[in-house]
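Here the structure comes first, spelled out in C-alpha cells, and everything after it is commentary.
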Amino acid sequence: MVRTRFAPSPTGYLHIGGVRTALFCWLFARRHGGQFILRIDDTDAERNVESALAPILHGLRWLGIDWDEGPDIGGRCAPYYQSQRLAGYQAAVEKLLAGGFAYRDYATTEEIAAEREAAQREKRPFLYSRQWMAESAADDARFTAEGRKAVVRLKMPRAGSLAIDDLVRGRVEFEWAREQDHVVQRADGTCLYHLASVVDDFDFEISHVIRAEEHLSNTPRQVFIAQSLDYPLPIYAHLPFVAEPGSKNKLSKRKLSTYLKNRDFAQVYEHGLAIAERLGLATSLDTFNPVIVEFYEAVGYLPAAIVNYLALVGWSLDERTEFLSREELMQHFSLDRVVKASASFDPKKLWAFQDHYMRQLGTAEKVDRMLPYLVRAKLIAEPASAADREKLARIIDAAGDRLKVFGDILAYADFFFQDEITYEADAFEKRLRKPGAGELLDKYRSELATLATWDVASLEQATQAFIEAQGIKIGDIIHAIRVAITGKGVGPGLYDCLAILGRDTSLARMRRAVESAATQ
RNA sequence: GGCCCCGUCGUCUAGAGGCCUAGGACACAGGCCUUUCACGCCUGCAACACGGGUUCGAAUCCCGUCGGGGUCACCA
C-alpha cells in the first residue's frame, strides 16, 4: 500500500515550493490508489499553531489537494500533530540509548563550538570528540555534579558507507564518517525534527518519503535512526526544489524585492497588486506575495491552472503535452519522469495556463466568481440584483478573454457600475483635448440621440453613417468616444460598451466629456 | 571549506548511441488582422558548460575541469 505524507510546519502561509512538493506526494498516492497524509511538524512551535496552520490547510484545499488522514479529519494513526506525539519520541530515544545507538552528552554548546572551530582552523572535517559522552551511570553522576545538562546524541558509525536508492536521484552514497553525532533530544527533554520525523513515518506506515532535495543530506542520519530502531526503510524520492525566477537559488518568500527586478515577475506581481488595492486587501510583502499561494486565490487565479503549471515544474508527461487535468495528472504522474535539476518558477508561464483555463469557463460561472470582487470593491451592493447579474454577464461577454483572472473584472466593469467616472489623464489629453475633438464628439452625440434602437448593430451602423457623412475615418473619433464614456483608453469593443451603458448614460457622459474638454 | 546533488534555447522541458541540420511550450522580436486592448494567424531569435576519451557514429556512455545549488543547528 502506497502511503505518502506532506509535513508542513505551521508557518502561517503556503509556499509555492511547498505546494509543488505536496502536489507530487498527493499525485503519487492517487496514482497508486494509496493514501496521502498530512502531518504537522510543530515540534518547535511556540506560536499559535491553529492560526498558523489554517492558511496552509485552506490553500491545499483550495487547490484540491485533499488528504485521507490529517490534523482536522483524524485517521487511524491520530494524532497528526507532532506536539501531541511526544511519548512516542521519548520511547524511541530510550530505545536508541538502550541499544547503544545514542548517548547522553554533557558538553556545553561552547565546548562543541570550540571543537568545531579548531577543526575548521586545522582544515579537517569536524567530528565530535565524544569527550563529554556518558558511558556509565558514574559518568552521568560526575557530569551532573559539575552542573552540566545532557542532550541525547546519535552515536553515528565512524566507518563504512550508506547507499540510498533514491527514486529520482538513483543511487547516492554517503560515508558514515562524515555524519555528525546529531542531537535528537534537547536538554529540556523535547525531541528534534529528524527523530520525530522518522518515528512518525514509521508509525504512519509511510511507504514513500517524497520531499524536497534539501533533505537529501539529512537522509543518512534518518536512515541510521530507522535502522537502529528496527524500522523498515521507506523508499526515498528527493524532488528538485523550485528555484527563483531566472536563477538556481531556492525560492524564498523573503526575497521578493530581488525577484521584482525580474520583468515577468514584476508584471505578475503588479497586476495582482492593482487588484488587491481595489479590494482594499493588505498588501505587505509578508502576506501578499506571488511566492505564497494566497496571492493567487486573492487575485482570482484558477486552481486548475496552478496545479497544471506546478505539475510541469520538474515533471513532464511526454515531449509535447502541456494541458493536463487533475484526473489526467492522477492517472499519469510518475516519479521516474521527475527531472533532477532544480527548476525556476516562471510566473508568466503560470499566467499562460491561467489564460487557457479561464477560457474554458462559461459566462454563468464567471458571473458567479467575479461578482464577489465587485461587491468587495463596492461597485455592486450586496445582495446583487438580477439586473446587476444580467449586466455583469453582458460585460463579461463583451470583455471576453481580456479577463485573465477573476479580479480583472474590476478594471473592465467599474465604469459600468459607477455613476461618475474619472478620466485617465493620458487618454483624456490625447483623445479629447485634441483640436476639434470636442466638436466632433458633440455632433456624434446629437446624431445618436435620435437613434431609434439602441443596440450593437444600430450603434455600429449609425457610427459608420456618421463618419461617412463627416468624411473621416473611424479612428478619428472612436477613441474620443471611448474615453468619454469609459474614462479609459482601452477596453471592450466600443459598441458593446455603448449598448451596455444604455442611451441616457452614454449621451450624458459624452456631453460631460465635451464640456470637460472645453473648459479644462 | 567538507560532503551531496545538478548542468539542453532567457524559462519549463523532450531526448535513454544513429529518427537531432536537437522537438514542443512560455517569454521575446517582427509582420498580418484590427476602433483601443486582448485574442487569433504567420515569421523569426534562441541551447546540448568546457576538455579529453570509448565508438564507424555521442546531447546521450566514461574521466577530468569549470559552473550552479543544497547541506553541514539543542530550526523544520
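Every chain is numbered from 1 and lettered A, B, ... according to where its sequence line falls, protein lines coming before strand lines. Here the structure is a predicted model, which is why all the values come from computation and not from measurement.
Within the nucleic acid shown, A/Tyr309 has no heavy atom closer than 4.0 Å to any nucleic acid atom. Base engagement by A/Pro492 is indicated by at least one non-hydrogen atom pair under 4.0 Å involving a base atom. Across all strands shown, A/Val339 has heavy atoms under 4.0 Å from sugar-phosphate atoms exclusively, and none from any base. When heavy atoms are screened at a 4.0 angstrom cut-off, A/Gln185 is found touching no nucleic acid atom at all. Residue A/Gly400 is classed as having no contact, given no heavy-atom separation below 4.0 Å to the nucleic acid. At the heavy-atom level, A/Asp188 lies nowhere under 4.0 Å from the strands shown. Residue-level contact check: A/Gly475 touches neither bases nor backbone, having no heavy atom under 4.0 Å from any strand. Within 4.0 Å (heavy atoms only), A/Ser316 reaches sugar-phosphate atoms of the nucleic acid but no base atom. Among the heavy atoms of the strands lying under 4.0 Å from A/Asp401 is at least one base atom, whether or not backbone atoms are also near. Using a 4.0 Å heavy-atom cutoff across all strands shown, A/Val151 reaches at least one base atom of the nucleic acid. Contacts of A/Glu322 with the nucleic acid, taken as non-hydrogen atoms under 4.0 Å apart, include base atoms. Counting non-hydrogen atoms under 4.0 angstrom, A/Lys404 reaches the backbone sugars and phosphates but no base. Among the atoms of the strands shown, base atoms are found under 4.0 Å from some heavy atom of A/Arg186. When heavy atoms are screened at a 4.0 angstrom cut-off, A/Arg116 is found touching the sugar-phosphate backbone but no base atom.
Across the strands present, B/A14 finds no partner; the criterion is a Watson-Crick or G-U wobble pair with both atom distances under 3.5 angstrom. B/G57 is unpaired under the Watson-Crick or G-U wobble criterion, no partner having all donor-acceptor distances under 3.5 Å. Under the Watson-Crick or G-U wobble criterion, with both distances below 3.5 Å, B/C32 is paired with B/G40. Nucleotide B/U65 forms a pair with B/A49, judged by Watson-Crick or G-U wobble geometry with both contacts under 3.5 Å. Nucleotide B/G1 has B/C72 as its partner under the Watson-Crick or G-U criteria, with both atom distances under 3.5 Å.
A donor atom on one side chain and an acceptor atom on the other are not found under 3.5 Å apart for A/Thr321 and A/His332.
Salt bridge annotation for A/Asp476-A/Arg431: absent, with no cationic side-chain nitrogen under 4.0 angstrom from a carboxylate oxygen. Using a 4.0 Å cut-off between charged side-chain N and carboxylate O, A/Arg85 and A/Asp203 make a salt bridge. Remark: A/Arg445 engages A/Asp442 in a salt bridge, criterion side-chain N to carboxylate O under 4.0 Å. Remark: A/Lys488 engages A/Asp414 in a salt bridge, criterion side-chain N to carboxylate O under 4.0 Å. Salt bridge absent: A/Asp408 and A/Arg402 never bring a charged side-chain N and a carboxylate O closer than 4.0 Å. Classification of A/Lys250 and A/Glu213 as a salt-bridged pair fails, no side-chain N sitting under 4.0 Å from a carboxylate O.
In this structure, A/Leu192 and A/Thr43 have side chains that are not in contact, with every pair of non-hydrogen atoms separated by 4.5 Å or more. A heavy-atom distance below 4.5 Å is not found between the side chains of A/Pro8 and A/Asp41.
Residue A/Asp336 contributes atom CG, which lies 15 Å from atom C1' of B/A14 at whole-angstrom precision. Atom CZ of A/Phe466 and atom C1' of B/U35 are 15 Å apart (whole Å). Following rounding to the nearest Å, A/Glu179 (CD) and B/U71 (P) show an atom-to-atom distance of 15 Å. Spacing between atom NE2 of A/His194 and atom P of B/C72 amounts to 7 Å, rounded to whole angstrom units. B/G2 atom P lies 21 Å from atom CD of A/Glu115, rounded to whole Å. Computed from coordinates, the A/Lys430 NZ to B/U36 P distance equals 11 Å when rounded to whole Å. In this entry the distance linking CD of A/Glu424 with C1' of B/U36 reads 11 Å, nearest Å. The NZ-P distance, from A/Lys488 to B/U35, rounds to 22 Å in whole Å.
No hydrogens or angles were tested; on distance alone, a donor-acceptor pair under 3.5 Å links the side chain of A/Arg402 to the base of B/U36. Put simply, the side chain of A/Lys349 and the base of B/A27 share no donor and acceptor less than 3.5 Å apart. Between the side chain of A/His182 and the base of B/A73 there is no donor-acceptor pair of N/O atoms closer than 3.5 Å.
Comparing the same atom, P, in B/C41 and in B/U60 gives a spacing of 36 Å after rounding to whole Å. Separating the P atom of B/U54 from that of B/C63 is a span of 15 Å, rounded to the nearest Å. B/G53 and B/G7: their P atoms are spaced 24 Å apart (whole Å). Comparing B/G10 with B/C6, their P atoms sit 22 Å apart, to the nearest whole Å. Taking atom P on both nucleotides, B/C48 is separated from B/C42 by 28 Å, rounded to a whole Å. On the C1' atoms, B/C45 is 42 Å away from B/C3, given to the nearest whole Å.
When distances run from any side-chain atom of A/Lys250 to the nucleotides B/C5, B/A76, B/G70, the shortest one goes to B/G70. Side-chain proximity of A/Ala341 to the nucleotides B/U35, B/C75, B/G7 is greatest for B/G7. Of the candidates B/C6, B/C28, B/A76, the closest approach to any side-chain atom of A/Lys348 belongs to B/C28. Distance from the side chain of A/Arg337 is smallest to B/G15 among B/U35, B/G15, B/A76. The side chain of A/Asp346 has B/U11 as its nearest neighbour among B/C28, B/G68, B/U11. The listed nucleotides are B/C5, B/A76, B/C74; the one nearest the side chain of A/Asp41 is B/A76. In the set B/C39, B/U71, B/C74, B/C74 carries the atom at the smallest distance from any side-chain atom of A/Leu192. Side chain of A/Arg359, nearest nucleotide from B/G40, B/G70, B/C5: B/G40. For A/His479, the side-chain atoms get nearest to B/U35 when compared with the rest of B/G23, B/C75, B/U35. Listed nucleotides: B/C74, B/U71, B/G23. Nearest to the side chain of A/Glu319: B/G23.
Taking only side-chain nitrogens and oxygens, A/Arg124 never comes nearer than 4.0 Å to OP1 or OP2 of B/G1. For A/Ser217 and B/C72, the shortest distance from a side-chain N or O to OP1 or OP2 is not below 4.0 Å. Of the side-chain N and O atoms in A/Thr43, one or more sit less than 4.0 angstrom from OP1 or OP2 of B/A76. A close approach under 4.0 Å does not occur between any side-chain nitrogen or oxygen of A/Lys340 and OP1 or OP2 of B/U13.
Remark: ring of A/His215 stacked against base of B/A76; centroid gap under 5.5 Å, plane tilt under 30°.
Between A/Pro125 and A/Arg263, the residue anchored closer to the 5' end of RNA chain B is A/Pro125, taking for each the nucleotide with the nearest heavy atom. Heavy-atom distances to RNA chain B give each of A/Val490 and A/Cys191 a nearest nucleotide, and the one nearer the 5′ end belongs to A/Val490.
Exactly one residue among A/Arg130, A/Arg104, A/Lys155, A/Arg153 makes a salt bridge (Lys or Arg N to Asp or Glu O under 4.0 Å) with A/Asp181. That residue is A/Arg130.
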